[in-house]
Every structure is written in structure tokens, then in C-alpha cells.
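Below, each value reflects all heavy atoms present in this structure, side chains not excepted, and no hydrogens, waters or symmetry copies. Within every chain, numbering begins at 1; the chains are lettered A, B, ... in the order of the sequence lines, protein sequences first and strands thereafter.
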Amino acid sequence: MIDQRFDPKAHEQRIYQRWEEAGCFRPSMDSAAEPYAIMIPPPNVTGSLHMGHALNNTIQDILCRFERMRGKNVRWQPGMDHAGIATQMVVERQLAASGNQDRRSMGRDAFIDKVWEWKEESGGTILNQLKRLGASCDWENTKFTLDDEMNTAVNKVFVDLYDEGLIYRAKRLVNWDPHFQTAISNLEVENKEVDGHMWHFKYPLAGGETYTYVEKDEDGNVTLEEERDYISIATTRPETMLGDGAVAVHPSDDRYAPIVGKLCEIPVGPKEHRRLIPIITDEYPDPDFGSGAVKITGAHDFNDYQVAKRGGIPMYALMDERGQMRADGEPYAAVAEVAQRIAEGAEGFDEAKIAAMNLVPDQYRGLDRFDARKAVVEDITSEGNAVMVPDPKHKDEESEAPLVPYVENKKIMQPFGDRSGVVIEPMLTDQWFVDAETLAKPAIAAVREGRTKFVPENWDRTYYNWMENIEPWCISRQLWWGHRIPVWYGPTLDDIANDGPYNVKKGFCAGTPSEAIELAKKYYGDRVEVMIAEDGVTSHTIDSNDALQSIELVQDEDVLDTWFSSGLWPFSTQGWPEETDGLKAFYPGATLVTAFDIIFFWVARMMMLGIKFMDGEVPFKDVYIHAIVRDETGKKMSKSEGNVIDPVDLIDGIEADALVAKRTTGLRQPEKAPQVEKATRKRYPKGFDAYGADALRFTLAAMATKGRDINLSVERVAGYRNFGTKLWNATRFAQMNEANFSTKIDPQALELSVNKWIIGELYKCTSAVSEAIEDYRFNDAASAAYQFTWDVLCDWYLELSKPILSGDDAAARAETQAVLGWVLEQTYITLHPFMPFITEVLWEQTSDRDAFLMQQSWPGLDTQFEDQAAADELGWVLRIISQIRSVRSDVNVPAGAKVPVSLIGANDRTAHCVEAHRDVIMRMARLEKFELAEAAPTGAVKTVLDEATVALEIADLIDASEEVARLDKQLGKLTGEITGLEKRLGNEAFVAKAPPEVVAEQRERLTDLQGTRDKLSVAREQLAAI
RNA sequence: GGUCGAUUAGCUCAGUGGUAGAGCACUGCAUUGACAUUGCAGGGGUCACUAGUUCGAACCUAGUAUCGACCACCA
């Protein structure tokens, strides 16, 4: 006999270990079975399990366990992502906390060693948490994106794309994170609305020139006309004025037509070296916004960058990698003069030379960009070049209002690094790019042609939208933790011939250093000795004849974007570029399961790179996009809200105090802690029970509807824990009644209609579950299994079986014991994908077979399990019991009282049902007798079931007038429905146009209702006559 | 500005043209018999609004209102 309750803590980890040791999660490499593969979205090595992971992996595990039971050869490919920025951040923080040297003083190699050390010790807790959830991953094939094998794949992809020209190095404006001091891709930038200012400044015209500035309203009436010696510019970033290369106005903007082509002065910096810049036209400025004139700072703004490129405007970089105003290079005075010559059209200044020029005036050099902004604003204002307006504080007295500098307070969108949280700076730097546009084309086509399908399908719009407007993908990162870019540099032959300078590098892109050396020899000549520099500095030697003797190459310092290696995940994990069995069997995968937020980061990249490197074959057939898990009120779970529910807490349970402590530590803003504490105590005064992994999984599955967020409530988890308890107790019942658990059932050989009925219900349940899972309707699958188990199996079948199991008919008892055991086992199987632990434990404790439940075959039931006659018969039994119970409750018959009931007007079939099921009906409806009769005794309480009238002989127990009222209420309801139906059937158009089966159905229903009404009316009249 | 989505019972949500549903909460009754992490019975809805299509609309179409997500944005 099993314990009184299921204790998840006592079993879950034990069961998991048994599965793992028995190799239940491994696919067979020589199986003839159809392969089925799911690639896990590799969690960050720094990560720990959150509710999103729990949902994501529950769904994958349901699919994998289901397909495994259906006989497929399943590989659920696990692994982890090295997570460049996140990991480097964690380890740097840890070094700082333990008083170690920082990364730079430690040096690259030593730091990387530290990260690996950290990874071995503390990385990958999430994989163990996935095991707690029950994830049936092929752990023996666990991969890490920085493993040698993966590195080989990364290098090969890089080299191949480079050789095809699909990867290139270029100087472009990129998003720069001044905290991590690296470029990031535009996906890693979060645009947020913040309070900002827009300053309006005057850029004086060169040489004191003036023009007539005219403003008109929509009808062309002049609203303002004045002589001006300046052009007004609005900016939210005054510090970038130092790098302006021009002022642009729209070609159609008449206000500025008189001064287009003239020069104006940037009103900041030493007066004797004010830079003059041209006023140009470009389509970009919007005449209706601000003053209509835009300063063009090509090196610090993405829009300006485009304008500058179009107009040949020089782009002056103003900041260093920390986001401080540059302090390098020659003094400002010298540089400003050169810049002036460039602005006047001097030639011979290439991009590199311009980029090297530091145009930051000496007094701003070395300032942080935000301090520089303040200083620039103050300097311009105090010099009188701010545009002045009447002080808005003196609205009422406009004429006398003092003039103040025109500074608008407004919401502006500002870019922040998603990891660092600091303001991102557009920076002109040399980076590596992938030609994403070229790779995107076949990836778009694959979805258009349906070779990969999104589920729900509306996500394809999002995919197309992004893919069709895709920008070059910046893949280089100025970090240390990651795949180092496989390019080695030496000096160019020209530079060597000219004896320097050596600022132009010749790159050799190759999968390994030795291949790079081979490439270099082709370039420098066979007799030149090529080596990899040990000190990281490229150099060369020349022999006595001035011939090149040796070259030392250095590898590119940068590493690749983490998503570059993640993009190869579906094939790099299977051993590519080797032609492995794993690759043949498990590429392409069946379904990718993920949340929408990484469609761009990951799904799109896997599509592009998979198709490119796997002969056009897509990496997966379906992409199932699941919901985001929120708290029970629909808020995003976040630490600062204190509403994060940790899946591990739900599994293991947590005390209220521990919960509060957990939620208030690690908050970035300590002042939020009391708030969070209060909220947490209020919401979860008792903490969480240990609900176990099964309850959590079932909850997530039950709530995983297509296309809607999940608002998770702990109460719901408790409810599904109760469901597990229910199943557990049903098994206890079966054991007490000596159910036969390890048997087979021949549906044709069954005698008892109740047994025929329950296997038919089981058949309906398992088919519904199969269809729903195939269609990714996990909520439907879960609820079909739930309803069968609780409402059909426990509430009805177990009760119906009681008299048989305790009865004298040995044959009936034996049949029921077999069916009960068998149906329970099939129920375990059906529930196993959702609740693997409790079902495996029940299987283990009810049979002595060696094989695990998770290795059993999915119930392949067919229509022979359905028996319509039995279904009709039991349907009637269920209805009469329910109906008698309902009447009893309505007229307040004491629950314990046994009531005599007679049935009037029963036809043969009903009469047969009465005979066959009298015992169980009497037991479940608490009857004293249940007999067929010609007429009802006076004063009986009546209800109608189909053709028969059910009479409860309880006249003495009830009040006749109350009973009349009860019948009237029912009659009222019936009459309403009947009127509606009559009206509908009286409508000729309905009868003519609606499908015949619908019309017939409604007619039948009308007849039924009328019959019921007539019988009830008779009962009412009889009663009223007393 | 573009795209996608939501609005159904007190709460959280299912429901793709034919009798409005579930879980929780609520009300009444039940405690030796698998299970109180339970059982039985019940109350509760103008399916956001308006107009259309249709024999018939929670569902399809158009519009309105409110809320949300993502993307892109005006210096």
C-alpha cells in the first residue's frame, strides 16, 4: 500500500536519478525509429531558473516525453551559452568584491583563466535546476558554446562567410556601451523615454552677415519677420556641437533659402578658433520641428551619420571609449585650423585622418560627456548665444516678462545598454559586420514557403518585419570572454616598403593560427618566416639585402557577439562540420520552443546561419512562441516590484520570512526594500507550500494557451497539487480493492457496461490529449486529462465500481479489478508528459516490472474501445443520479436520509438500466428503494428524465407550497427555452437555410423540452390540487 | 508613426458561426470507508460599445473606447 500522501521531496530527485542512470534520456544512435529533436534555448552560464525558463522547458519536456512514448528517437539537446557580457560582468564583480586585481591589471589570459575557474565552480546551476523540473535532456551530450568543438564550428563559419565577403570589417557608427567599453548590436539597446531638455542656440553667421528671417502660417500670412545674424539650432545634446560638420535645412524651407551655402559659427570653444561650418540642404530635417535647422554631427548620431555620408560632411569623433571627451592628440588650436581648411574644401584628408583629429577644445578635454554638456550650455548661455524667450513663469504679464534662455523640458527617447544600464553612445569605430541582408533573404523565403512555421502563426509578421528591414549585424565585441575573432594581422607590404607608419593592417582570416601563417606566406612570400607574436605586437625583420626576413602576426583583439555562436546551435551541437550521425539524425529539429523576445536575437540568426551552412535546410520545422509569465495581476515579474516567484520555491516550498528576505536582497535600490517586504508579506503571508515539480509543470501547461501572457497565481499551483493528490488517492483506493495493475484488456471481452463505458471515456481522453499536444494546445491537453481523471474516473467510475468490488459476483469483481488497474495505468501514461514524477512513482509502486513508466508506449487506443450502448446506458445512470441528488438538495432532504423513489412511464431500455444499475443508483443517490411503477403516490416530489418521471416519495418531508414554487421556477425556465426554440423553428428562413442536422437537432431538443414541461406541469397540478 | 494583441462570472482565464464554460473565491449540506489537499448541490454573465454580414454572432467585417506589448522615431 502506498503512503497516505505523495511527498514530492521524498521521490522527485530519487526518481530523476534513476531515469538518468538508466539512460532514459539518451537517444539511440542506431535506431530505426523516427528521430525527433528539440534544441534547448541554451541558458546563460550565469543564469538561474526563472518562471520563463520553467514554462519554456516544461513545454519542451512535454513534447519530448510525449514523442518518446510515441516511439520516436528523441534527442533533447541541452547546453549553455557563455554569455559574453553577462559572464564577464559577474566575474569582474566577484574579483572586485574579493579584493583581487581588476581585469586590466590582471591581463587577458589570467582573466580568462579566472572565468573558466568561475564557470567550473559556480556556472551552470541552472542545469541542475532544470533537472529538478524534470527535464529529460540528453545530458551526456551537454554542450557549452565555448567548447573546443563549438569553437571549431564558429571559426569555420566565420572564415567561410569572410571568404564569401559576407563578413567584413568597416568603420561605421555603432552603439557603444561606455560602461563595458564595447560595441553592442542594436538589439542590445533598449530605448527608454526619459525626461530631457532641448536647448535652442544661435549659430552666428560668418562675417556678421544678416538675412531676413520670415515665418508664415498655413495660409501664407507672414507671422514674423526680422533681421537675423544667426541660425537657430535646437539640440538635446549640446556637447556634440563640438563635432558638428554642418548645419542642414530642408531644401524646401524658404526661411533659410537666403543663407544656404554660407558658413555659420559653432558658438563654443576659444573665440579666436571658432569653427565655421557650412549650411547645407538635405531631405532629413523636418521644417515643422524645432527651428527646422539641424546640426550635423556625423560621428555621434545615427541620422546625422547618414546625412554626413550623403553630403560628404566630415565626422569628428569627440569621445573616448569611456564616454569622456577626448584628451588625446594635438592641442585644439592646431586641430581647429586644419578642420577649418577641411570645411573650406581642402583635400587630402581621408576618413582615418579626420577620425584621428581631436576637436574638443582644451577646457572640455577629459570631462565626462554629461559634465561637458553642462559646461557647454553654461558657456554658450553666458556668452549670449542662447535663444531667448519670455520667461514662461510670467505667463500673465507677457509684455513685461523677463527673457530667459529657451530650454524645453521634454520627454526624449534615450538608448540604454540592456546589460549595463548606461546611456549608449553612437561611436565611429572599426568593427566586424555580417551582411545580414544577404543571409536574410533565404531565411525569409523559408518561412514564406512554410518550411518553417511559426505557432501561433501571427508571429511571422514580426519576423518578416524585422528580417526585411535588417541592418548589418555588428558581431565584434571589445570583450575578453568569448570566441576570439579568427583573423591575424601583419603590416602591409606597402608600409614595409615605405618603412611605416604601420597603421594599416593586413588581415589573414583562417580557422587556425597555422592556416593563418600559410595565408600570410602567400602574401609575404614563401621564404619569409611567419610566426604568431607572443607579446601581442606585430613586427618584422629585414635581412642585409633589405629583403623581408620574418613577420610576427597578432590576432584580432575582439571577440564575437555571443549570439553568433548561439546562431549555430542547431548544427554545432551535433558535431558539425564533421558529418556525424547526430547531425544526420537530428538536423533539422522538430520544434523550437521559445519566448518572443528572442525571435530576433536567436531565431532569426539560427534561420540565417542554418540555411546558409546546412545546404538550405531550415534548422527547425516549427517555432512555438510561448507566453511571458507574469504575476497574478498581470505585472511583469521584477525584483524591484518584489513579485518574482521563483520556480524552485514552488517546487521545494519556502517560509514567509525566507521569501521576504529573498525578495529584498539584491535590490538595486535599497529604499525599495521596505516596500517589497510589505507587498510580499501581504501577498504571501504563509510563504509557499512544497507543491513539487509536477504541480508547477501542470499549472504552466494548463495556462499555456496560444498567444496570451500567463498570469501565474500560487493558488492555481496549489490546485494542481491537489489534482496530483487526487490521482494518488485513486491509486490507494485501487490498491485497497486489489486492482490488477499489470494486465491487458480486451475491450471486446468485457461484460459490464460500466467497464466498457470507462475505457471508452479513456479513449476519448487520450485522443484529445494527443491531438492537443500535436497542435501545441497544451492547455487543452492538460484540461482533457484533468477532467477525465477527476470528473470521470474519480467522481464516477470509482464510485460506480464500489458495489461491484465489494459485491459477491466474482467474475464481475475480477473484470472490474482488471479494468480499474489498467485504466489507472493508462492514465499515468497520459499524464506522464505533464506530471512525470508522481506518475512514475505510482507506476513503480503498483507494479514490479523493470521498465520505467517513461519508457511505456503512449496509449494507442482506437475506436474499438468505444461502445455506444454502454455510453448511453451509463450516461443515463449518471444523469438520474445527478438529477435525484439535485432535487434532494433543492427540497432540503437531509443528506443522510434514504428516500424511496419510483419511476413512472419508463420504456424498455430505461427499465433495463434500472435493473442493471439499481444497486449503484440506490447507493449513490441514497435511496431506500428504486422501482418501476404505474403511477406516483400522491404528494411525491417529481422530476423528469427523458420519457420517464422520477417520483421521490417524500411528501411528509417537504412543504407542498415550496414544492409548487420549485416546479414553477423550473417550468418558467423551460417555457423560456421552448419559446425561443419555437420562434427559431417557426422562422422559415432558418428551416430553409440552416444545415438540416442543425434543424433536426433543434426539433429534437424542442420535443424533449416539451415532454419534460408537460410531465412537470402534470406534477405541479397534482400537487396544487392537494 | 508601424506591427501585433487584449476587453467573457468577484478574481485568473478557456471558448473559430448553432443550448455561454473551467479553476479559484462565494452559499448550503455532508466527517468512521481512496482522498477535507475531500464529496454533493447551488448562486453568479447585456461576452467593452456601435453598426453591419448571416436563418443564426462572444466568434466574421468596419468603426469607437480602454489597456498592453514590440519595433521605429524629430535634431
If you measure from the Lys or Arg side-chain nitrogens to the Asp or Glu carboxylate oxygens, is any gap between A/Asp301 and A/Arg237 under 4.0 Å?
no

With both distances under 3.5 Å as the test, what is the Watson-Crick or G-U wobble partner of B/A20?
none

Which listed nucleotide (B/A14, B/C40, B/U37) is nearest to the side chain of A/Asp795?
B/C40

Is any side-chain heavy atom of A/Val877 less than 4.5 Å from a side-chain heavy atom of A/Trp796?
no

Proximity to the side chain of A/Cys794 - top-ranked nucleotide from B/A36, B/A34, B/G18
B/A34

Return the nucleotide paired to B/G33: Watson-Crick means purine N1 to pyrimidine N3 with N6-O4 or O6-N4, wobble means G-U with N1-O2 and O6-N3, both under 3.5 Å.
none

Any strand counts, and the cut-off is 3.5 Å on both contacts for Watson-Crick or G-U wobble. Which nucleotide pairs with B/C40?
B/G28

Should A/Asn469 be listed as having a side-chain N or O under 4.0 Å from OP1 or OP2 of B/A72?
no

At under 4.0 Å between heavy atoms, what does A/Ala895 touch on the DNA or RNA strands: base, sugar-phosphate, or nothing?
sugar-phosphate

OP1 or OP2 of B/C24 versus the side-chain N and O atoms of A/Ser713: is any pair under 4.0 Å?
no

So what does A/Tyr284 touch, heavy atoms closer than 4.0 Å: a base, only the sugar-phosphate, or nothing?
base

Determine the interatomic distance between C1' on B/U46 and the same-named atom on B/U37; round to the nearest Å.
38 Å

Test item: A/Asn779 and A/Arg777 side chains (from C-beta on) under 4.5 Å apart, heavy atoms
yes

Considering heavy-atom distances to RNA chain B, does A/Lys993 or A/Ile412 have its closest nucleotide positioned more toward the 5' end?
A/Lys993

Give a yes/no answer on whether the side chain of A/Lys802 brings an N or O atom under 4.0 Å of OP1 or OP2 in B/A34.
yes

